[in-house]
Amino acid sequence: MANPFPTFLPSSLIFFSFFFFLFSPLTAAKTHRFARTISPSSLGLDGEPEKLSHLHFFFHDVVSGQNQTAVRVAAAPATDKSPTLFGAVVMMDDPLTEQPEATSKVVGRAQGIYASASQSELGFLMAMNFAFTEGKYNGSSLAVLGRNTVASAVREMPVVGGSELFRFARGYAQAKTHSFSAVEAIVEYNVYVFHY
Ligand SMILES: *[C@@H]1O[C@H](CO)[C@@H](O)[C@H](O)[C@H]1NC(C)=O
Ligand SMILES: *[C@@H]1O[C@H](CO)[C@@H](O)[C@H](O)[C@H]1NC(C)=O
């Protein structure tokens, strides 16, 4: 009677089970070198309570004139025919000041992009960093990613992270239009963030 199993089977079984073991998730957890769990104390965070900070400043979006701080960098062929400027993409480097006046102390800049993302109302996708330059906050930043329907009285955008003093930041930013002209929009921001 012929052997129903080819003679190479036993050794190939060993071969495949060896590879299964090598690449199984169980083994992978032990062999990966690029990621590991560490203790919060290794970052000086042991028992450190999270702080809640409130930041208040005015954002100056200057869209034309000599001191323009926001420039349109892209648009769709139909953007200028759209009542909501759907498809327009604007790059900004807008000063943030303590008070609404342009002469007020600058505490940082809002650097990033806003893009018209709604066809039914004026609604921007905001992707920006608040880069602070004042006092102990100099060099620290907050990252904001959210939706800004500029005609609404108050708009809320998530703060998704931060750097330096704002490491591990999470929170939200509320924007309220202070004044508006063909040249400049001044927006009051109240930002609430948890961080260490
Ligand atoms: C532009 O900024 C300069 C310096 O701050 C200021 O003197 C000037 O009045 C500004 N120009 C306009 C059109 O706001
Ligand atoms: C902020 O930090 C930069 C870089 O270290 C420095 O050049 C600048 O003078 C600082 N500004 C203030 C207001 O402290």
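In each ligand, atom 1 is the first atom listed, and ligand 1 is the first ligand listed.
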Is any heavy atom of the protein nearer than 4.0 Å to [atom]?
| atom | answer |
| --- | --- |
| atom 11 (N) of ligand 1 | yes |
| atom 2 (O) of ligand 1 | yes |
| atom 7 (O) of ligand 2 | no |

Please report which non-hydrogen protein atom sits nearest to atom 13 (C) of ligand 2, along with the residue it belongs to and the distance in Å to one decimal place.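 Of the protein heavy atoms, T133 O, 3.2 Å lies nearest.
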May I ask you to identify the nearest protein heavy atom to atom 9 (O) of ligand 1, giving residue, atom name and distance to one decimal place in Å?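 Minimum-distance protein heavy atom for atom 9 (O) of ligand 1 reads N67 ND2, 4.7 Å.
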Around F180, counting heavy atoms of other residues, nucleotides and ligands shown, do more than 12 lie under 6.0 Å from its CZ?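 Open: at most 12 neighbouring heavy atoms sit under 6.0 Å from CZ of F180.
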Under 3.5 Å, is there a donor on one side chain and an acceptor on the other for T69 and H60?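 There is no such pair (donor and acceptor under 3.5 Å, judged by atom type) between the side chains of T69 and H60.
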pair V89-M91: side-chain heavy atoms closer than 4.5 Å: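 Answer no - side chains too far apart.
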Taking the six-membered ring for Trp, are F57 and Y189 parallel (under 30°), tilted (30 to 60°) or perpendicular (over 60°)?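 Because their plane-to-plane angle is under 30°, the rings of F57 and Y189 count as parallel.
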Would you call the rings of F130 and F132 parallel, tilted or perpendicular if under 30° counts as parallel and over 60° as perpendicular?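 Correct class here is tilted.
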Polar contact flag for N138 and ligand 2 (N/O pairs, less than 3.5 Å):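 Yes: some nitrogen or oxygen of N138 is under 3.5 Å from one in ligand 2.
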